[in-house]
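Atoms within a ligand are numbered from 1 in the order they appear, just like the ligands themselves.
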Amino acid sequence: MINDIKIIVADDATQFGVMVAERISEVLTDIAAPIMLLPTGSTPRSTYQALAQSSMDSKINWPEATIFALDEYLGIAADDSRSFRAQLWAEVAIPLGLAPHQLITPNGMTGDPEAEAQRYEAEITKHSPIPLAVVGVGRNGHIAFNEPGIDFSVPTHVATLAIETRQDNASAFANSLLPTRAITVGLATLESVNTIILIAQGGHKAPAITALLRGEIDHNWPVTALVRHRNLSIILDQECFESLKL
Ligand code: GLP
């Protein structure tokens, strides 16, 4: 525990995924219709594999589950493999046998992004309180696509991606096509979720986790919005943990 925040450190990548999956299971067990906000990116992949491997004897009621994506690129269609919907569909929904209506994502092709962000927030709020959000973190401290400088009281909104974020996510795109904007749940949206599991792997994520563990709100590090959350667990790999500067 550091500043009342529970930290779990995994020895290796496989154990990391299993530990996150077990924590997800603990939170969602015995919920008749579990609802969760889930991230994309490379960090959650081992978790999604572990969830799929344990799905037969899982205590999570997957047939009645609803998954909301944390965010979605603007200008990328749902059936484009680079969309976050496509990632969550391939990595979570298919392995767990979910139907399309069980995966809810913002419409990245909307003609009115602001209205779509409001619609998405309303959809999440309809299911409030949401039992669980799993969130990754960018090396600049973004969570979902809440970039440095964002007002912590903002709900789901249209985000302009920071330059570091665009660089980090460029590998999935030919550079000219990398989106500049996205729809993201807000830090206020995340604050209302009952339990948050923050996951990070690698030394490059250590500055963001260090900022959070200092225990003070810092608008340059959006991840520090989580210091005021009442039920936060952090799961790190060894490399990230050893690179923390506390
Ligand atoms: C992306 C996503 C975040 C994710 C983060 C880290 O931009 N919007 O939800 O947590 O970057 O990604 P990765 O796990 O690939 O490092």
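In summary, R139 and D168 engage in a salt bridge, as defined by a charged side-chain N under 4.0 Å from a carboxylate O. For E191 and R228, the salt-bridge test passes: some basic side-chain N is under 4.0 Å from an acidic carboxylate O.
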- Task: Give the C-alpha distance, both sets of side-chain angles, the deciding distance and a yes or no for side chain to side chain donor-acceptor pair (under 3.5 Å) between H127 and T66.
- Result: CA-CA 10 Å; H127 294 84; T66 302; 5.2 Å; no

- Go through the steps for F16 and Q201 under the test side-chain contact (heavy atoms from CB on, under 4.5 Å), then give the verdict. CA-CA 9 Å; F16 181 86; Q201 286 176 306; 3.4 Å; yes

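E147 and T160 share no side-chain donor-acceptor pair at under 3.5 Å.
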Give one line per pair: atom of ligand 1, protein atom, distance. Only N/O to N/O under 3.5 Å.
unit_1: ligand 1; atom_1: 7 (O); unit_2: H142; atom_2: NE2; d: 3.3
unit_1: ligand 1; atom_1: 7 (O); unit_2: N169; atom_2: ND2; d: 3.0
unit_1: ligand 1; atom_1: 8 (N); unit_2: D71; atom_2: OD2; d: 2.8
unit_1: ligand 1; atom_1: 8 (N); unit_2: A144; atom_2: O; d: 3.2
unit_1: ligand 1; atom_1: 11 (O); unit_2: H142; atom_2: NE2; d: 3.2
unit_1: ligand 1; atom_1: 14 (O); unit_2: S42; atom_2: N; d: 3.4
unit_1: ligand 1; atom_1: 14 (O); unit_2: T43; atom_2: N; d: 3.0
unit_1: ligand 1; atom_1: 14 (O); unit_2: T43; atom_2: OG1; d: 2.4
unit_1: ligand 1; atom_1: 15 (O); unit_2: S42; atom_2: N; d: 2.8
unit_1: ligand 1; atom_1: 15 (O); unit_2: S42; atom_2: OG; d: 2.9
unit_1: ligand 1; atom_1: 16 (O); unit_2: K205; atom_2: NZ; d: 2.7

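Taking the side-chain contact (heavy atoms from CB on, under 4.5 Å) definition, one finds that T110 meets it with L74, N107, D112, P113, E116, I183, sequence neighbours left out.
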